[in-house]
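Per chain, numbering begins at 1; letters A, B, ... match sequence-line order.
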Amino acid sequence: MNQKSGIFDMIGPIMIGPSSSHTAGVVKIANVAYKILGGQPDEAVITFYNSFARTYEGHGSDKAVLGGLLGFATDDERIRNSPQIAQEQGMKYTYKAVGNASTLHPNTIKLELTKNNKRIEIIGESRGGGLINIASYNGFRADFTAQLPTLIIEALDIKGSIAFIAQVLAQDDCNIATMNVSRKAKHDIACHFIEMDTALENITIQYLLHLKWIHNIIYLTPIT
Amino acid sequence: MSVLFDNFRAWQQYCEQHNLPLYVPVLEYEREQKGNSEEFVWQGLARAYQVMKEAVQTGLTQDMRSRSGMINNGAKKVFHHPLNVLSQEFKEMISSALAAKEVNSCMGRIVAAPTAGASGILPGILTNLQKIHRLSDRKILEGLLVAAGIALIIEQNASLAGAVGGCQAETGSAAAMGAGAIVYCLGGSITQVFNAVAITIQCMLGLVCDPVAGLVEVPCVVRNASAAAIAYSSAQIALADVSSVIPVDECVQAMGEIGQSMETRYKETALGGLAATPTGQQIAQKVLIQDIEILNEE
């Protein structure tokens, strides 16, 4: 599953310090949330777990997460001042720390965000070297890295839906790299997380979205 | 066909067979593995070097105090100190490495090369190498490619992560990258370049990762300066054709073996070494979050 490293993994990434896992990775997780939400949240409840719980201030993870929620990239120097910027822009936030969530990855962060009437919850893991994994989205097990174009499709749990979606993507010349589907219950809502090797045409997304059994689609471009 | 960077020996053989400078197979590797054009690579390297230079400047001119207070404008103090223990160049080189690394600790922009914890070493080495020897930017960028090749091989045969291999894997690898780049840029032979890498690794072997309070500050910042100094001393030795005796590939193997058998408390967990000293623990008490919820887990 791991790709071979390239020279810009060795001479890079260019990032705001001090730590690729505690700073850059945290910015990226928050960037995913920013994209899913379609902008910065009005209100954010941020929970740092396990190894993150004690060191999130010292490593600047608190500033990193706000920077990411404001849409700043990992090398944006404004991250250092993100608490002031968040305040100026009226973004409310609170931090929590939980020390012993043994079922979660050592470097885990939970984001509970609201924007207008939209509410989302994301659990992300910072896996070292700035790599991340989005472990869950709104309670659905997700497992995607945000390194590839990614589709999040909320749809009814009906027969043949997975094959149908895969077929539509194939018609758009799109190879699926990874795909995870989890559901609330039988015949309830299922959530598809699809990582693809290439970008998707907007018309393909529009086509899928007009189908009655598909409720919502979020298309994420890779996060650098 | 490109060398796949399994080891230094294959890299050397390939270059000697095809009469190529060391950086060329690294460029070919990137093109084949990542599909990046040559132009893209040179631009990316130029951007990285620019950020390195800016980090040195920032660290030497702006206020560098970390949130914990452990880092407090050390680079500037060294830079402006009137007494040179060795030479003006040595002092400037040491303060440049400190400066770029302090920028990292203080949430400024750096190049992780190969990691954020070691982000002062190549800037300290290369900016001063260029200045002292009046090297062209192009030569420095070639040196960066050689450094990247060195890191790719170390990553494959040992590790670049403090959590996996201790500090030797981070600052040790960065120093090895820097030493190779120095000898390459000054026109040394491939054997001399790899001797410099080997000697540097020999000098950095066994170094544990024991950061006070788990922060990338103490001893990380001063170790960036010492690693840069070791890179220069190894380059000086290797350029004079002094052999590392143990070939570079075997030195990397040794580093991997030592990393594997190193106890967990010496691998970035802040449970051993300097982090576990009374003062280290006192500082941790002061700077770490104490208001932590503990779940009732069944």
| said: Using heavy-atom distances under 4.5 Å, tell me whether A:Asp62 contacts chain B through its side chain, its backbone, both, or neither. | reply: side chain

| said: Whether the side chain of A:Lys28 engages the backbone of A:Ser126 through a donor-acceptor N/O pair (distance < 3.5 Å, no angle test) should be reported. | reply: no

| request: State, with a plain yes or no, whether a side-chain heavy atom of A:Phe8 is found less than 4.5 Å away from one of B:Glu30. | output: yes

| message | Tell me which of these, B:Asn104, B:Leu122, B:Thr115, has more heavy-atom pairs under 4.5 Å with chain A than the rest. | response | B:Asn104

| task | Tell me, for B:Ile154 versus chain A, whether the close heavy atoms (under 4.5 Å) come from the side chain, the backbone, both or neither. | result | neither

| Which one, B:Met52, B:Met107, B:Arg47, leads in non-hydrogen pairs under 4.5 Å with chain A? | B:Met107

| said: With chain A as the partner, which of B:Pro114, B:Gly108, B:Ala48, B:Ala113 has the greatest number of non-hydrogen pairs under 4.5 Å? | reply: B:Gly108

| task | Measure from the side-chain N and O atoms of B:Asn73 to the backbone N and O of B:Met64, and report whether any donor-acceptor pair falls under 3.5 Å. | result | yes

| query | Is B:Lys267 reaching over with its side chain to a backbone N or O of B:Val164, donor-acceptor style, under 3.5 angstrom? | reply | yes

| Can you tell which of B:Arg67, B:Lys101, B:Glu217 has the highest number of heavy-atom pairs within less than 4.5 Å of chain A? | B:Arg67

| request: Keeping the roles fixed (side chain from A:Asn50, backbone from A:Leu104), state whether a donor-acceptor pair exists under 3.5 Å. | output: yes

| Partner chain A: residue of B:Ala284, B:Ala270, B:Gly214 with the largest heavy-atom pair count (under 4.5 Å) | B:Gly214

| note | Applying a strict 4.5 Å limit to non-hydrogen atoms, the region of B:Leu27 in contact with chain A is neither

| query | Just wondering, do A:Leu148 and A:Met196 contact through their side chains at under 4.5 Å, heavy atoms? | reply | no

| Flag side-chain contact, heavy atom, 4.5 Å: B:Gln130 against B:Asp137 | yes

| Between A:Asp76, A:Asp75, A:Thr55, which has the largest tally of heavy atom pairs under 4.5 Å with chain B? | A:Asp75

| Per-residue contact mode, B:Val111 against chain A (heavy atom under 4.5 angstrom) | both

| note | Applying a strict 4.5 Å limit to non-hydrogen atoms, the region of A:Thr23 in contact with chain B is side chain

| Are any of the side-chain heavy atoms of B:Ile292 and A:Phe48 separated by less than 4.5 Å? | no

| Any side-chain heavy-atom pair of A:Leu151 and A:Leu169 under 4.5 Å | yes

| remark: So, the part of B:Val41 with a heavy atom under 4.5 Å from chain A: the answer is both

| query | Do you know which of B:Ser119, B:Ser66, B:Ala116 has the most heavy-atom pairs under 4.5 Å to chain A? | reply | B:Ala116

| field | Which atoms of B:Arg109 approach chain A - backbone, side chain, both or neither, heavy atom under 4.5 Å | value | both

